[in-house]
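Take a look at the structure set out below.
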Amino acid sequence: AQWYGGAIDSSQNNGTVKLIMSNSIFTKNSAHFGGAINNQDSILTIDTSTFDANSASSGSAIGNNRGIMTLSNTTVANNFDLDQNGLGGVIFNNDTATTITNSTFDSNNSSTGIFYFEGDQNTITNSTFHNNTGLALADMNLYPLPDKVNLQNTLLSGSTLCQSSATITDNGYNLQYGDNSCGATIPVANSDPFNGNTLADNGGPTQTVALVKSEALDAIPAALCVVN
């Protein structure tokens with residue numbers, strides 16, 4: 001594996017480079033940092049894409065270091081830590097402003113967190129975390145700074161979901177299943193919202209996991225739903 005960015009390395013740009021990708025598939029790439037993409041000091045925009053079976057010591061799908069990242073309508077699945085010598089994370093997000101919307105994180109494996117973050121400018125909306133090994137949301141605690149994720153209209157399902165030191169701001173209509181570690185204000189589902197369903201073509205631009213009858217269905221008012 002190469003050192004940075006198994007497929008794309010965009011680094012040392014001092015915020016002057018915009019990297020825009022859509023309708024892309026990144027599969028089985030490997031690097032020490034950023035299995036598929038290493039983004040440092042760049043503006044990274046990803047839409048309608050898939051990250052599948054990529055690996056790294058840190059950031060098995062994406063390593064995002066001091067870059068501005070927007071991820072939307074994207075599926076991140078089956079990505080995993082290359083070894084135990086790095087910091088882990090499927091999305092490794094250090095000191096950045098990151099917005100994730102309408103995206104699915106499924107069957108990833110990380111020793112730390114699926115979204116592993118440092119900083120307080122992180123927002124996740126209309127997204128799903130399902131069947132991952134490792135915390136869905138975990139903060140790095142590298143610096144004496146507040147680490148925060150703004151969470152809205154998002155479903156988290158797994159055994160242990162959120163790191164206790166992570167600050168999760170509940171902006172409404174979130175649901176957790178497996179435990180209540182993402183906060184007392186987020187309701188806990190009474191049963192598995194997916195009932196064993198796995199990634200499949202459910203009519204969207206990328207694969208998703210279909211819900212079954214549960215509290216998650218029709219929980220969000222129509223006025224807050226985003227249709228792309």
Side-chain angles (χ1 to χ4, degrees), residues 61 71-81 88-91 93 98-141 146-200 202 204 206-227:
L71 182 75
S72 56
N73 306 308
T74 289
T75 296
V76 181
N78 306 309
N79 301 282
F80 57 94
D81 290 352
V90 175
I91 306 292
N93 203 60
T98 293
T99 301
I100 297 173
T101 309
N102 296 340
S103 293
T104 298
F105 296 81
D106 182 85
S107 300
N108 300 286
N109 190 322
S110 175
S111 59
T112 51
I114 306 309
F115 182 65
Y116 190 42
F117 65 96
E118 181 79 27
D120 62 355
Q121 300 183 65
N122 304 294
T123 300
I124 301 175
T125 308
N126 301 336
S127 294
T128 297
F129 290 78
H130 170 257
N131 195 39
N132 298 291
T133 300
L135 298 163
L137 308 175
D139 63 330
M140 296 182 193
N141 271 328
D147 297 332
K148 183 175 72 174
V149 173
N150 299 303
L151 200 65
Q152 185 173 11
N153 304 351
T154 291
L155 177 55
L156 305 108
S157 175
S159 54
T160 303
L161 300 174
C162 295
Q163 191 171 12
S164 60
S165 58
T167 299
I168 311 298
T169 300
D170 177 16
N171 289 333
Y173 303 105
N174 300 299
L175 187 67
Q176 52 188 333
Y177 174 73
D179 66 18
N180 64 350
S181 60
C182 295
T185 63
I186 300 177
V188 177
N190 293 319
S191 60
D192 181 4
F194 304 100
N195 194 32
N197 285 343
T198 58
L199 279 177
N202 293 301
T206 64
Q207 288 191 329
T208 55
V209 186
L211 291 168
V212 297
K213 187 176 181 180
S214 77
E215 301 97 317
L217 286 174
D218 301 322
I220 302 172
L224 297 179
C225 294
V226 176
V227 178

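N174 contributes a side-chain N or O that, together with a main-chain N or O of Q152, makes up a donor-acceptor pair within less than 3.5 Å. Of the possible donor and acceptor atoms, one in the side chain of S127 sits under 3.5 Å from a partner among the backbone N and O of S103. Within the 3.5 Å criterion, the main-chain N or O of D139 finds no donor-acceptor partner in the side chain of D147. Side-chain atoms of T112 come within 3.5 Å of backbone atoms of G89 as a donor-acceptor pair (strictly under, hydrogens ignored). With hydrogens and angles ignored, the 3.5 Å screen pairs a side-chain donor or acceptor of N197 with a backbone N or O of A210. Between the side chain of S181 and the main chain of L161, a donor-acceptor pair closer than 3.5 Å is present.
Here the CG-OG1 distance, from N202 to T208, works out to 4.0 Å after rounding to the nearest 0.5 Å. Rounded to the nearest 0.5 Å, atoms CD1 (I114) and NE2 (H130) are 12.5 Å apart. A distance of 7.0 Å separates CG of N126 from OG1 of T101, quoted to the nearest 0.5 Å. Note: D179 CG to L156 CG = 9.5 Å, rounded to the nearest 0.5 Å. A distance of 9.5 Å separates CD1 of I124 from OG1 of T99, quoted to the nearest 0.5 Å.
Between T154 and I100, every side-chain heavy-atom pair lies at or beyond the 4.5 Å cut-off. A 4.5 Å side-chain heavy-atom check between F194 and S157 finds at least one atom pair inside the cut-off. Looking only at side-chain heavy atoms (C-beta outward), I91 and T98 stay at 4.5 Å or farther from each other. Side-chain contact between L211 and L155 is present, with at least one heavy-atom pair separated by less than 4.5 Å.
Each of N108, N78, N132 was compared with V90 under the side chain to side chain contact (heavy atoms under 4.5 Å, CB included) criterion, and only N108 meets it. Only one option out of L199, V76, T74, T206 pairs with T104 in a side chain to side chain contact (heavy atoms under 4.5 Å, CB included); it is L199.
Minimum heavy-atom separation, S110 to G88: OG-C, 3.9 Å. When every heavy atom of L175 is checked against every heavy atom of P187, the shortest pair comes out as CD1-O, 3.5 Å. Of all the heavy atoms in Q176 and C182, the pair that sits closest is OE1-N, 3.1 Å.
Using modelled atom types, one finds no donor on one side chain facing an acceptor on the other under 3.5 Å when comparing N131 with D106.
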Hey, mind stepping through N122 and L137 against side chain to side chain contact (heavy atoms under 4.5 Å, CB included) and telling me if it holds?
CA-CA 11 Å; N122 304 294; L137 308 175; over 6 Å; no

